[in-house]
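What you see below is based on every heavy atom in this structure, not just the backbone, and it leaves out hydrogens, waters and symmetry mates. Chain letters run A, B, ... following the sequence lines, proteins first, then strands; residues in each count from 1.
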Protein chains: 2
Amino acid sequence: MKKKDITITEIASLSGVNISTVSRAINHPEMVAEKTRQKVMYYVRKYDYKPNLFAQGLQTKKSRIVALVVPNFSNLSFANISKGVQERLNLSDYSIVIFNSHEDELLERRICKEIAKLHIDGVIFASGSSLIPPIDLLPEDTAKLFIDRDGSDINVDSLIFDFAGGLDKAVKHLKVRNHRKIALIAGDISSYTGQEKVLTFKKALQKHELPLHPNCIVDTLWSAKEGWNATEKLLSMEEAPTAIIAATDTLALGAIGAAASREYKIPEEISIVGFNNEPGSECFNPPLTTMKFSDYGIGNDAATLILKRIYQPDSELITTKYSLEIIERNTVGNARNY
Amino acid sequence: MKKKDITITEIASLSGVNISTVSRAINHPEMVAEKTRQKVMYYVRKYDYKPNLFAQGLQTKKSRIVALVVPNFSNLSFANISKGVQERLNLSDYSIVIFNSHEDELLERRICKEIAKLHIDGVIFASGSSLIPPIDLLPEDTAKLFIDRDGSDINVDSLIFDFAGGLDKAVKHLKVRNHRKIALIAGDISSYTGQEKVLTFKKALQKHELPLHPNCIVDTLWSAKEGWNATEKLLSMEEAPTAIIAATDTLALGAIGAAASREYKIPEEISIVGFNNEPGSECFNPPLTTMKFSDYGIGNDAATLILKRIYQPDSELITTKYSLEIIERNTVGNARNY
DNA sequence: ATGAAAGCGCTAACAG
DNA sequence: CTGTTAGCGCTTTCAT
């Protein structure tokens, strides 16, 4: 298959028209006589003409590529999000490329530079890492969107989860089952968003008239191992909590493992609730009770929104909040009465 | 930051030389007088000049981008592989973009077309899905590489795992512990590679003088849920196997969940071995005994190899096999004696 | 060692 | 409605 790609010039001479007419027939069909258009498109299809992205980009400064930047693959809701983005984008003949920053600040900066270099039209940052993405490294006219991080103060569209609402539901769910000492494995709280999570948790406890015990909010990164370690810490306290809320299912996976390894019966002796309903959490041992959002839907919305921002850079700033619903499985039980 | 990128022309006039000299100073330093070069590079650095990829690509037909195509994010070894690829590539000033085919044949084809359109220089296909990647959709001069799939027959470099060797070790490990009835959750066996896996398993059993029981090889996809379902099937047999080998840790996660939900004690009543040592499997309940390869190392090698192929398209075809080592954790025990 | 000039494939004025 | 033309920013002959 050495046959090199067919160019607009060749299509033009085949159709017996000028190259600019071919260009118009493709990009602005309404500017071309129906008959000419037909003729041109016939050859376009026959030879499967594809515009050369380099040439097109050189001219238009657009690549028709959107990037999705994720901090890791461990938070498996990213898989569904990416699928949602993918399918929506394909509908509009855009491509999606994924970058994994591996929760590394330097790498994230590097990625932004690459994105700039590739003249990518829009970037979706999926949260997880502690930092505000270095969007200053991106051209101003690159569309930007945050998932799970509020960018309204820096003029970036955002799709955020109602973590507060979810936490409230989770706490309530636990309180009804007699839990009085609830701990939070918070993920990364070094950031502003992280701090907000802590605040949110405190408020939820307060609202439900539950005490906040010292050391019951533990700061971690995002791997299962981190969840394990946090749980070790929690369960070795003099009076261990009877329930643990983990900020992600992956964290909860580690929490379950650690609790079980200490011979805690789940959910009889310790209750655990996760967040995100990541693929696989229905298969944990035991299956995880978790807070679910529509990951695929969010991906879809994200793609729709970024396209809108690409086409209409000055349209109104959007911040959408997604609610979380509890999925009851087998990691929550009743706390023993005192 | 509206300031548009600085171009080679501007650098040229700043340095008082012709643009072609600037181009040479950057791309072929040896062709330029040391002094001129210094002068040019001074301005290059001062204004952080970056060549325009579109213009460069239009000329050279190269993008300095390598794509990594994965079938899912569930097999978490992809995370480490991607990191290995990333870091090696960055060293050579190449970018990596990731595509997720979501185990969808159509999507995979679409992705290949996008890769062609983007004029990506090299593509690394990480296995998992059942099919041979549609590399015929890629230009002939795009470097290609398979991970975990043998492409030697179609002239593609491959990095493959010694699955046979790993399986042999796993079977032996189990046999020593008195297991006589061992089942395999095989992942997808509809493909050639899959069939080979089945054969391999049969051989391993034979070698260790173990019987192959009917229905003890189960064909699945790659999600945890699939592992769960397979295990349900296995454990509901009249005489259930005492040990299960799962082709990936994710599959094993489901296997553990299903076994536990049927009140099997792990590892006392059922032993489970995974493959790949995916991040998180050390935190399963109980922590998973699994077969490990150097995922980061493979990613690194993959990047090195694809770069070589890009620079020297006609260099000798390479097929490297990576061995697997067992990591003993807590999911394997002794089978009861009969 | 350096400059001049052609051209990669495409889009978008500008004419007609 | 269509053709002509001028670049987009860069690399690479071909001269000098």
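- Applying the ring-ring contact (aromatic ring centres under 6.0 Å, His included) rule to A:Phe99 yields no partners; only residues at least two apart in sequence or on another chain are considered.
- With rounding to whole Å, A:Lys62 atom NZ is found 17 Å from D:dC8 atom P.
- Note on residues 9-51 of chain B: no pairs pass ring pair (Phe, Tyr, Trp, His ring centres under 6.0 Å), not counting sequence neighbours.
- Sorted by first then second residue, the salt bridge (Lys or Arg N to Asp or Glu O under 4.0 Å) pairs that include residues 18-35 of chain B, not counting sequence neighbours, are B:Glu34-B:Arg37.
- Residues satisfying the side-chain contact (heavy atoms from CB on, under 4.5 Å) test with A:Ser315, not counting sequence neighbours, are A:Lys308, A:Arg309, A:Gln312.
- Straight-line distance from the NZ atom of B:Lys39 to the C1' atom of C:dA1: 12 Å, rounded to whole Å.
- The NZ atom of A:Lys35 sits 11 Å away from the P atom of D:dT2 (whole-angstrom rounding).
- C:dG9 atom P lies 14 Å from atom CG of A:Leu53, rounded to whole Å.
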Nucleotide-resolved protein contact map, nucleotides 11-16 of chain D, B/S/- at heavy-atom distance under 4.0 Å: BBB---

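- Aromatic ring orientation, A:Phe125 versus A:Phe146: perpendicular (interplanar angle above 60°, classes split at 30° and 60°).
- Heavy-atom distances to DNA chain D give each of A:Val17 and A:Lys61 a nearest nucleotide, and the one nearer the 5′ end belongs to A:Val17.
- Straight-line distance from the CG atom of A:Leu58 to the P atom of D:dC8: 9 Å, rounded to whole Å.
- The distance from atom CD of B:Glu30 to atom C1' of C:dA1 is 12 Å, rounded to the nearest whole Å.
- Among residue pairs with one or both ends in residues 44-56 of chain B, those qualifying as salt bridge (Lys or Arg N to Asp or Glu O under 4.0 Å) are B:Asp48-B:Lys50; sequence neighbours excluded.
- For A:Thr36 and D:dT2, the shortest distance from a side-chain N or O to OP1 or OP2 is below 4.0 Å.
- Taking atom CD1 of B:Ile11 as the reference point, atom P of D:dG9 lies 13 Å away to the nearest angstrom.
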